[in-house]
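Below: one structure, written as structure tokens.
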Amino acid sequence: MSENQKKIWITGASSGIGKAVAEKFAREGWKVAVSARRKELLELLAKNENIFSFPLDVTDRNQIKKVFKDILEEFNDLDLCFFSSGTYEPKDEQSIDPDKIKNVMKVNFLGVIDCVKAVEDYFKNRRSGHISIVSSIAGYRGLPNSSGYGPSKAALTNFGESIYFDFKKFGIRVSMVSPGFIKTPLTDKNEFPMPFLKTPDYAAEKIFNGLVKSKSFEIHFPKGLTLTLKFLRILPYSLYLFLVDKLVKR
Ligand SMILES: NC(=O)c1ccc[n+]([C@@H]2O[C@H](COP(=O)([O-])OP(=O)(O)OC[C@H]3O[C@@H](n4cnc5c(N)ncnc54)[C@H](OP(=O)(O)O)[C@@H]3O)[C@@H](O)[C@H]2O)c1
């Protein structure tokens, strides 16, 4: 193992996008720490000689701190954090259920904030490093049947924009990942046709290139979908509400 081997911590790594990103970084020779709640899935991933399992529930702040300490003990150093944990239950989003919305916020928003908090001092003292957060195009603007997930991702994107400025002063890069529809256990629950649906490996390729080969703040894909959503984002309310209403009625 080379002394210059780069090191990454990935949350939400037991399935979908996080898992594919872990496998991609491992193939590229990085040393990879993987976290999520399902230990057995992480152990399967850790059969790869570059991947190491650190189970974790992101709603448990003390566990996050402990896991990060364990990773540093094992790895000595960390270059990049990729925070990808997230939850989505489409059936829960069709009416307003404050308890379910609280749970979505706990995992998708507060869980990520606790992960960033856990690594903040380490990266600030190191005066370099990279924190990347997986948000979603679903957070660009309010969408129908998205009373919890969309707001959690909107908050996350705003948080990422905010700490971009604060962390830059310490030489730390902050980036956001905004995927369109990727075929994972999360989107398998959707009962509507998903335009431009892509595989987790496609997402991992885009994410690896965006994180390692570019300096962009936002890594978004596939462009056919994300640019359309970006266009909708800048429209005045009258047009935005009219168009989305028409689109969902079709
Ligand atoms: N797929 C898409 O089209 C799409 C589009 C935009 C954004 N995203 C975002 O991409 C990220 C990954 O989603 P995915 O599509 O790959 O879905 P996924 O396969 O369901 O992955 C979600 C990951 O989050 C982990 N997770 C959930 N709750 C957790 C908790 N309390 N503590 C620790 N880990 C937890 C899950 O692991 P455990 O269950 O083992 O804990 C799993 O590894 C999410 O943030 C999602 O919002 C996905």
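All ligand and atom numbering here is 1-based and tracks the order in the structure. Excluded from the calculations below are hydrogen atoms, water molecules and symmetry mates; all remaining heavy atoms, backbone and side chain alike, are included.
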Return a yes/no value for A36: is any of its N or O atoms, backbone included, closer than 3.5 angstrom to an N or O of ligand 1? no
- Evaluate side-chain contact (heavy atoms from CB on, under 4.5 Å) for I182 paired with K198, printing each intermediate quantity in order. CA-CA 5 Å; I182 309 300; K198 301 287 181 191; 3.9 Å; yes
Atom 47 (O) of ligand 1: closest protein heavy atom, distance to 0.1 Å, is Y149 OH, 2.5 Å
Counting only heavy atoms not in K168 (residues, nucleotides, ligands), do more than 12 fall under 6.0 Å from its NZ? no
Of all protein heavy atoms, the one nearest atom 1 (N) of ligand 1 is I182 O, 3.1 Å
- What about T59: any of its N or O atoms under 3.5 Å from an N or O on ligand 1? no
The atoms of ligand 1 lying under 4.0 Å from a heavy atom of P179, numbered in the order shown, are 5 (C), 6 (C), 7 (C)
| Purely on distance, is any nitrogen or oxygen of F181 under 3.5 Å from one on ligand 1? | no
Strictly below 4.0 Å, N to O, side chains only: are K69 and E74 in salt-bridge contact?
no
Atoms of ligand 1 under 4.0 Å from any heavy atom of A13, numbered from 1 in the order shown, are 43 (O)
the protein heavy atom lying closest to atom 48 (C) of ligand 1 turns out to be I17 CD1, 3.7 Å
L56 heavy atoms within 4.0 Å reach ligand 1 at atoms 32 (N), 33 (C)
_Non-hydrogen side-chain atoms of V177 and I133 separated by less than 4.5 Å_ = no
Would one find an N or O of T87, backbone or side chain, under 3.5 Å from an N or O of ligand 1?
-> no
Judged by heavy atoms only, the candidate from P55, G12, S84, P200 nearest atom 44 (C) of ligand 1 is S84
Closest to atom 21 (O) of ligand 1 among protein heavy atoms sits S15 OG, 3.5 Å
Closest to atom 30 (C) of ligand 1 (heavy atoms only, candidates R37, K153, K39, H220) is R37
Honestly curious: do L44 and I10 fall in one hydrophobic cluster under the side-chain, below-4.5 Å linking rule?
-> no
**N-O pairing of K19 and E23 below 4.0 Å** = yes
protein heavy-atom neighbour closest to atom 22 (C) of ligand 1 works out as G86 O, 3.5 Å
For V107, the atoms of ligand 1 under 4.0 Å from one of its heavy atoms are 28 (N)
For P185, the ligand 1 atoms with a heavy-atom partner under 4.0 Å come out as 19 (O)
| request: Decide, yes or no, whether a salt bridge links R126 with D79 under the criterion of side-chain N to carboxylate O below 4.0 Å. | output: yes
Whether R38 and E43 form a salt bridge (side-chain N of Lys/Arg under 4.0 Å from carboxylate O of Asp/Glu) is what I want to check.
no
| task | Run the salt-bridge test on E89 and K189 with the 4.0 Å N-O cut-off and return the result as yes or no. | result | yes
Among S85, S135, S14, the residue with a heavy atom nearest to atom 34 (N) of ligand 1 is S85
Counting from 1 in the order shown, the ligand 1 atoms closer than 4.0 Å to a non-hydrogen atom of T187 are 1 (N), 2 (C), 3 (O)
Per-atom filter on ligand 1: closer than 4.0 angstrom to a heavy atom of G16 are 16 (O), 19 (O)
for atom 17 (O) of ligand 1, nearest protein heavy atom and its distance come out as L186 CB, 3.2 Å
Looking only at protein heavy atoms, what sits closest to atom 10 (O) of ligand 1 is V134 CG1, 3.3 Å
F170 ring center within less than 6.0 Å of F123 ring center: no
Atom 5 (C) of ligand 1 has as its nearest protein heavy atom G180 O, 3.1 Å
May I ask you to check whether G18 has an N/O atom sitting below 3.5 Å from an N/O atom of ligand 1? no
Verify whether the ring centers belonging to Y122 and F68 lie closer than 6.0 Å.
yes
- Query: For atom NZ of K206, is the number of surrounding heavy atoms from other residues, nucleotides or ligands below 6.0 Å larger than 12?
  - Reply: no
Checking heavy atoms under 4.0 Å, the part of N108 that sits near ligand 1 is neither
Problem set entry | Heavy-atom side-chain contact between I219 and L211 under 4.5 Å | yes
Before we go on, tell me: are the rings of W9 and F83 under 6.0 Å apart, centre to centre? yes
For S136, the ligand 1 atoms with a heavy-atom partner under 4.0 Å come out as 6 (C), 7 (C)
Practice problem: Assert yes or no for the condition that the ring centre distance of Y164 to F217 is strictly below 6.0 Å. | Solution: yes
